[in-house]
Amino acid sequence: MTLSLIIFLPLLGALLPPLFIRLGRTACAWSAALLAGTALAILLYHSPAVFAGETLVFTQPWLPALGLNFSLRLDGLGLLFALLILGIGLLIILYARYYLSEHDPMGRFYGMLLLFMAAMLGIVLSENLLLLLVFWELTSLSSFLLIGYWKHRSDARQGARMALAITGGGGLAMLAGILLLGHITGSYELSVVLASAELIQAHALYPVTLALILLGAFTKSAQFPFHFWLPHAMAAPTPVSAYLHSATMVKAGVFLLARLFPALSGTELWFFLVAGTGTATLLLGAYHALFKHDLKGLLAYSTVSHLGLITLLFGIGTPLAAVAGVFHIINHATFKASLFMAAGIIDHETGTRDMRRLGGLWRFMPHTATLAMVAAASMAGVPLFNGFLSKEMFFAETLHAGWMGEWSWLLPLLATLAALFSVAYSVRFIHDVFFGTGPRDITRKPHEPPRYMKVPVEVLVALCLLVGILPAWTVAPLLAAAAASTVGAELPYYSLAIWHGFNLPLLMSLIALAGGVILYLLRFRLFALHDRIFPLCDAKAWFECGLARTIAVSHQLTAWLENGSLQRYAMLLVASVLIVIGTSLWGTTLTGPVAMGTVDGVTLTGALVLGVSALATVIWHRRRLAALVLLSVVGLVVSVAFVRFSAPDLALTQLSVEMVTILLLMLALYFLPQHSPAESSTARRWRDGLLAAGAGLSVAALAWGVLTRPLETISGYFLEQSKPGGGGSNVVNVILVDFRGFDTLGEITVLAIAAFGIYALLQGLRLPSPTTDGEGRPWAEDRHPLILSAVSRPLLPLALMVSLYILLRGHNLPGGGFIAGLVTAVALILQYVASGVVWTRERLPFDYIKLTASGVLVATLTGVASWWFAHPFLTSTFEYVQLPLLGKFELASAMVFDVGVYLTVVGSTLLILANLGKLTLVSQPHEETK
Amino acid sequence: METIIEALVALFLLIGAAFALVGSIGLAKLPDFFMRLHGPTKATTLGVGGMIVGSVLYFSTRGEGLSLHELLVTLFLFITAPVSAHMLAKAALHLRLRTVERTRGEGALPRGDAE
Amino acid sequence: MELLVAIMIGLLTACGIYLLLRARTFPVIMGLTLLSYAVNLFLFVMGRIGESQPAVIGVGDGQYTDPLPQALVLTAIVIGFAMTAFVVTLALRARGELHSDHVDGDADPRGPGA
Amino acid sequence: MLALAIPIAFALMSLALLLNLWRVVRGPDLPDRILALDTLYINSIALLVLFGIHLDTMIYFEVALLIAMMGFVGTVAVAKYLLRGDIIE
């Protein structure tokens with residue numbers, strides 16, 4: 001449980017610094033430091049168990065159906081990384097307090113830093129691989145924010161975008177890889193995956209899985225050819241570079257290599273992919289580092305190179321190489337973070353990071369210079385510093401790499417070459433900055449930084465020295481614990497001693513040291529040579545160019561797909577649905593085991609009427625009124641079909657809705673052209689016809705497939721309980737007002753909202769009224785034919801009586817609130833048609849909005865009433881209250897709900913139709929256009 | 001059920017159906033709209049009337065009593081059928097539909113004679 | 001019988017979709033109406049179309065049709081009306097604002113009322 | 001006797017329906033189609049009454065009632081549209 005606190009403290013605590021900034025900058029830094037410190041204390045509290053060889057696991061199911069659990073794991077490797085993250089994180093918090101200027105928003109900085117810290121801790125403490133991936137992506141996001149912290153600078157924005165694109169893309173590949181891994185092993189839990197090495201490596205999908213996961217690791221750890229984002233991420237504030245780009249985030253990739261080392265390593269493929277990439281990165285980084293004039297650029301490429309070295313070590317695949325890899329992770333984190341901080345101090349004090357302008361700073365800041373020299377010596381691999389120890393182990397391992405056959409001499413040679421460059425750029429870092437002539441063109445006089453800005457550097461440099469001189473007394477237990485959980489088996493024998501006798505690795509070190517110094521002395525000639533060979537090698541320009549091209553292509557694609565034509569969208573929508581349905585239906589057995597019923601003549605006739613009128617609607621759709629008449633034939637036959645198949649409620653509803661729809665369409669048609677122009681090309685008509693035929697065929701096939709299969713109904717309960725539980729014998733109505741009353745409440749609410757929306761849309765709408773019909777004939781003079789209005793008036797009470805009857809007995813026989821409401825609405829609309837708006841409104845002074853609202857209110861209050869009986873909303877009290885008297889009440893309560901439905905339906909239907917009808921009253925006649 | 005009643009019901013049903021068919025034949029066969037208007041409005045309505053009489057006879061002898069629906073349907077139909085016919089004729093006159101020679105009436109002139 | 005029903009549903013769908021793909025608002029609305037007939041019928045027949053009694057307790061011999069799809073379709077019909085009405089209003093509003101009844105809102109070269 | 005009469009009546013009604021369909025599709029003018037639609041409505045009532053006797057149930061008679069109402073409103077409204085264009089004014 002407390003394990004999760006290590007992650008959650010910084011995660012939730014990320015909100016604190018932005019709040020504490022109101023109390024001042026120091027308070028803000030303290031809030032961040034306290035959170036990180038507490039997390040560190042919890043970690044240390046757990047560490048003895050880990051040193052004793054235990055693996056702490058905490059599991060909390062999250063989305064078990066997906067295999068995603070919130071499960072954490074604290075073993076040696078996790079402990080090492082968590083210590084690095086929290087320890088260096090604390091130093092960074094202290095450093096940033098003095099590094100950030102008054103104008104920088106410090107609260108935001110610490111907030112994002114804590115967020116990043118939490119994400120990193122999540123990666124290293126995850127037991128579940130999917131959880132790991134979630135945190136992995138979170139680091140990409142939070143590092144994007146941190147790199148782009150100075151958002152007013154375009155290089156910061158571009159660098160952040162590049163880092164996000166590369167690491168995010170790698171993360172996607174890794175997601176695929178992890179899913180494959182889960183598919184192979186059947187679990188996403190690390191303990192299962194790590195124990196299934198043989199299963200994984202024998203699987204046919206192993207090469208794909210490995211490549212995808214490595215893609216994730218390599219992009220994160222800036223391995224060749226994805227290394228170029230790291231130098232551009234140096235636009236970030238220096239504390240960010242020191243933290244993310246030396247100690248933590250870029251280590252996430254190699255952490256993953258170490259984490260999955262037992263499961264994935266040991267094959268030839270692993271060796272060539274990982275060691276090959278590592279070697280290329282090692283050389284490339286070391287070479288470029290020498291030629292960077294920017295201090296942070298040099299450090300960035302040096303980081304790339306060292307990450308390549310670590311990758312190469314894991315690629316070699318022997319347990320000893322893995323130990324060396326873990327060791328170098330520790331050492332690199334300490335010396336590189338301190339070097340970044342030193343570079344930050346220099347930048348802070350002189351205002352420049354260009355080594356061609358710097359020089360001679362020893363005179364101004366001897367303290368900082370000393371610290372930087374120690375760290376640089378460690379980077380160069382000088383004896384007595386920690387870098388030397390892991391570099392010696394690295395040299396020794398390159399000599400023993402398998403798989404290389406007769407080319408086995410190549411690896412030590414390349415390693416020595418890289419080390420030679422590494423010495424050269426380390427010397428350059430020190431000599432060009434602190435010695436020689438200069439500084440040049442510096443506006444202010446440099447001096448030592450504030451006291452506490454140096455403390456983090458001092459701590460790290462002290463660690464470099466301590467580990468370098470007394471390895472067995474300092475780092476040995478941690479290294480052993482971490483290496484043991486990396487290798488996953490018994491650790492091989494290794495010695496952390498400084499002196500192993502005069503052997504080949506030592507010789508390689510000496511060659512590198514001597515060669516590096518010589519290389520440095522020749523640097524000016526080399527710079528000239530480099531400038532001639534690599535004038536165009538700017539990965540950033542390539543990236544930006546590629547980005548611009550991608551954006552252009554996606555613009556084109558969007559313009560092609562989304563050209564603003566709704567007609568086209570509808571076509572694409574239908575086509576894609578067709579493809580999805582078609583492909584899934586293809587090849588399946590459609591016909592089920594149930595025998596077909598016989599067709600009688602009347603039904604066949606009805607089907608004929610339906611089919612012909614539907615087709616005729618399509619054929620004459622351009623003559624709109626005729627098509628509308630044909631459409632009502634279709635509606636009528638559908639209603640009769642509902643009767644034929646024993647659904648009287650549906651038939652009643654369909655009939656009334658169809659009539660209301662036809663009225664609605666006629667009201668609209670008045671304001672629209674009476675004919676559609678013939679504007680579809682033959683090709684388009686054919687295309688649409690084919691699409692429509694395909695869709696029809698799929699739906700028919702689907703219906704056929706279902707109809708010939710036996711029914712497994714879930715309605716048994718409703719049929720049984722309708723009478724005793726719902727108090728009504730019309731099960732459809734009881735479902736609507738009782739069993740699924742809540743759905744119905746939602747539905748009438750939607751109806752009311754739609755009516756209000758229509759009312760609002762019609763407000764202020766002015767449409768020209770046509771003065772002639774479609775053929776250019778003037779309208780008849782007689783507005784309200786006498787016979788029609790005279791007969792319609794006595795029909796109204798008759799129709800209202802019918803609707804009342806339908807409403808009241810709907811619970812027991814076909815009918816109910818919906819149908820009764822529609823019938824009432826149609827009866828009232830008839831009065832509008834026969835006698836006009838003015839006449840009707842004089843005699844029918846209801847406010848339809850209030851009527852609709854009161855309907856919803858009545859239905860809701862019926863539901864609330866059941867609270868009064870201490871039952872959930874809309875509960876049928878009948879079921880629970882045994883008293884016969886209250887049983888009767890329940891019956892009444894369902895009826896009241898139905899009355900609410902009725903009022904809503906009447907109100908909204910009239911609101912829609914009457915307001916559409918009223919449009920002509922406000923419209924002005926317009927000039928006839930021919 | 002008594003045979004006589006059953007025979008009566010059957011008779012009414014057949015008469016009703018026959019009238020409905022006659023109405024539809026008229027609708028389909030007669031040469032112009034004003035003639036066609038006669039078929040459905042008279043024969044078909046009568047046909048439905050016959051059906052309903054048969055239904056009333058049938059259900060009332062089965063002890064379910066006189067049903068309100070049938071009465072209402074009849075009432076509705078007999079009130080509304082003339083009105084819809086009237087409205088349709090009005091519309092047709094307004095639209096000056098083409099007619100055959102024999103169709104004569106105020107406002108309904110053979111097409112060639114239209115103003 | 002099942003085959004006939006399936007074919008009819010398919011036919012209604014095809015007609016609805018063809019009209020849905022037209023360029024003017026009114027045919028599109030008619031297409032939507034046809035399509036909703038098809039969908040309602042489709043949902044309804046998910047309860048099968050055997051020779052059974054309406055789901056009213058006490059009528060017939062106790063072989064009732066499945067009431068659940070019927071209840072679903074009943075509400076679907078009413079909601080379908082609300083949505084049709086909304087689309088109709090949108091079409092009118094578009095006609096008022098854009099002086100065209102083309103679904104893409106292109107200015108109608110023939111002028112209104114043509 | 002009914003067992004014989006009902007199928008014959010159904011057959012006659014079916015024929016009537018087909019003739020109506022012919023007119024509704026054939027036209028030629030809008031009033032013709034509307035008239036045919038109205039006839040279809042009325043014939044449906046007859047069909048439902050027949051269906052009720054056939055199944056010996058009165059449960060579908062509300063539908064017949066509603067068809068009578070809706071058929072009238074529909075016919076009148078379309079006729080009004082032909083006359084005035086604006087059905088609610």
Side-chain angles (χ1 to χ4, degrees), chain A residues 600-602 604-606 608-609 612-613 616 625-626 628-630 632-633 636 639-640 643-644 648 651-652 655-656 658-659 662-663 666-667 669-670 769-770 773 779-780 782-783 785 788 792 799 802 806 813-815 819 823 826-827 829-830 832-834 836-837 913-914 916-918 920-921, chain D residues 7 9-11 13-18 20-22 24-27 29-37 40-41 43-44 47-48 50-52 54-55 57-89:
Chain A
D600 55 274
V602 187
L604 195 62
T605 314
L608 200 66
V609 177
V612 170
S613 47
L625 192 59
L628 196 56
V629 172
L630 288 160
S632 19
V633 178
L636 173 66
S639 321
V640 176
V643 171
R644 171 67 186 79
L652 291 169
L655 267 173
S656 356
E658 197 239 30
M659 185 44 56
I662 298 294
L663 290 174
M666 272 195 291
L667 283 170
L669 188 54
Y670 177 59
S769 306
D773 68 9
W779 300 117
D782 193 2
R783 288 164 70 99
L788 177 60
S792 301
V802 169
I806 289 177
L813 283 169
I819 299 156
V823 171
V826 170
I829 287 294
L830 179 62
Y832 277 95
V833 173
V837 176
L913 290 180
L916 266 173
K918 254 192 345 203
T920 47
L921 293 185
Chain D
F10 266 131
M13 290 312 302
S14 302
L15 207 58
L17 287 180
L18 289 178
N20 298 344
L21 177 66
W22 160 255
V24 87
V25 173
R26 177 72 178 67
D29 296 302
L30 276 165
D32 288 296
R33 296 183 204 274
I34 301 165
L35 181 62
L37 173 66
L40 270 169
Y41 269 106
N43 282 1
S44 307
L47 207 60
L48 286 187
L50 206 54
F51 193 59
H54 172 58
L55 291 182
T57 173
M58 292 167 75
I59 205 159
Y60 300 116
F61 281 8
E62 273 89 19
V63 184
L65 184 59
L66 234 58
I67 290 180
M69 274 181 70
M70 299 301 161
F72 172 63
V73 176
T75 310
V76 164
V78 187
K80 179 89 194 294
Y81 186 89
L82 286 180
L83 285 168
R84 295 282 307 161
D86 187 13
I87 57 172
I88 296 179
E89 55 187 340

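Proteins come first, then strands; the chains are lettered A, B, ... in the order of their sequence lines, and each starts at number 1. For the numbers below, each heavy atom of this structure counts, side chains included, while hydrogens, waters and symmetry mates do not.
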Quick one: of [options], who has the most non-hydrogen atom pairs under 4.5 Å with chain A?
options: D/Ala77, D/Ala11, D/Ser14; answer: D/Ser14
options: D/Leu65, D/Leu17, D/Asn20, D/Leu66; answer: D/Leu66
options: D/Val63, D/Leu82, D/Ile34; answer: D/Val63

Next item on the list: For A/Pro648 and D/Ile59, work out which heavy atoms get closest and say how close.
Entry: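 It is CB-O, 4.4 Å.
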Item checked: Heavy-atom side-chain proximity of D/Leu37 to D/Thr75 below 4.5 angstrom ->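 The answer is no, as the side chains (C-beta and beyond) never meet within the 4.5 Å cut-off.
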Next item on the list: Indicate yes or no: at least one non-hydrogen side-chain atom of A/Lys918 is less than 4.5 angstrom from one of D/Ile88.
Entry: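 No - every pair of side-chain heavy atoms lies 4.5 Å or more apart.
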Check: Out of curiosity, A/Leu628 CG to A/Ile662 CD1, how far, rounded to the nearest 0.5 Å?
Finding: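 Interatomic distance, A/Leu628 CG to A/Ile662 CD1, rounded to 0.5 Å: 4.5 Å.
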Counting only heavy atoms closer than 4.5 Å, note whether [X] contacts chain D via side chain, backbone, both or neither.
X: A/Leu636; result: side chain
X: A/Leu669; result: both
X: A/Val833; result: both
X: A/Ser639; result: neither
X: A/Leu625; result: both

Next item on the list: Would you mind checking which part of D/Tyr41 comes under 4.5 Å of any heavy atom in chain A, side chain (CB onward), backbone (N, CA, C, O), both or neither?
Entry: both
Notebook entry, point to check: Taking the inter-plane angle between the rings of A/Trp779 and D/Tyr81 on a 0 to 90° scale, is it parallel (under 30°), tilted (30 to 60°) or perpendicular (over 60°)?
Noted result: perpendicular
